[in-house]
Amino acid sequence: MGDLATDNDASRLRAAGVPVVQITTGTVCHLEAAMVSRALSKLKLENLDLLIIEKRRQFGLPSRL
């Protein structure tokens, strides 16, 4: 779960029993491969049937198509 500064969404998922790793991107508006790689190393991938990588769009940031 990627976010600029908070782990609010990840905390809600974690409370529901979902294995989740927060990626706080800081001043960067996008997820970078190295960020995702570090997060993946914190999960037991062999125990997962499905992996979702989500970057929540922040209001006020331009979207790119």
Side-chain angles (χ1 to χ4, degrees):
M1 176 73 61
D3 195 300
L4 287 173
T6 71
D7 71 345
N8 296 338
D9 293 321
S11 293
R12 284 190 283 275
L13 289 169
R14 202 174 288 115
V18 177
V20 62
V21 176
Q22 175 66 38
I23 303 172
T24 304
T25 60
T27 60
V28 180
C29 298
H30 58 275
L31 291 174
E32 296 178 347
M35 295 174 182
V36 174
S37 179
R38 282 191 298 273
L40 290 176
S41 71
K42 297 176 183 178
L43 292 170
K44 294 181 180 180
L45 297 177
E46 63 275 4
N47 295 338
L48 300 179
D49 293 322
L50 176 67
L51 175 67
I52 298 172
I53 300 171
E54 178 182 351
K55 168 64 173 94
R56 299 287 304 262
R57 185 175 180 280
Q58 303 296 316
F59 292 110
L61 296 177
S63 62
R64 297 180 189 173
L65 298 176

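No experiment lies behind these values; they were computed from the predicted model shown.
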Ala10 and Val20: which non-hydrogen atoms are nearest, and at how many Å? O-CG1, 3.4 Å
Is Leu48 close to Lys44 at the side-chain level, that is, under 4.5 Å between some pair of heavy atoms? no
Find the distance between NE2 (His30) and CE (Met35) and round it off to the nearest 0.5 Å. 6.0 Å
Which pair of heavy atoms, one from Ile53 and one from Val36, lies closest together, and at what distance? CD1-CG1, 3.7 Å
Reported CD1-to-CZ distance for the pair Ile23 and Arg38, which is rounded to 0.5 angstrom: 8.5 Å
Return the minimal non-hydrogen interatomic distance between Arg14 and Gln22, and the atom names on each side. NH2-N, 4.3 Å
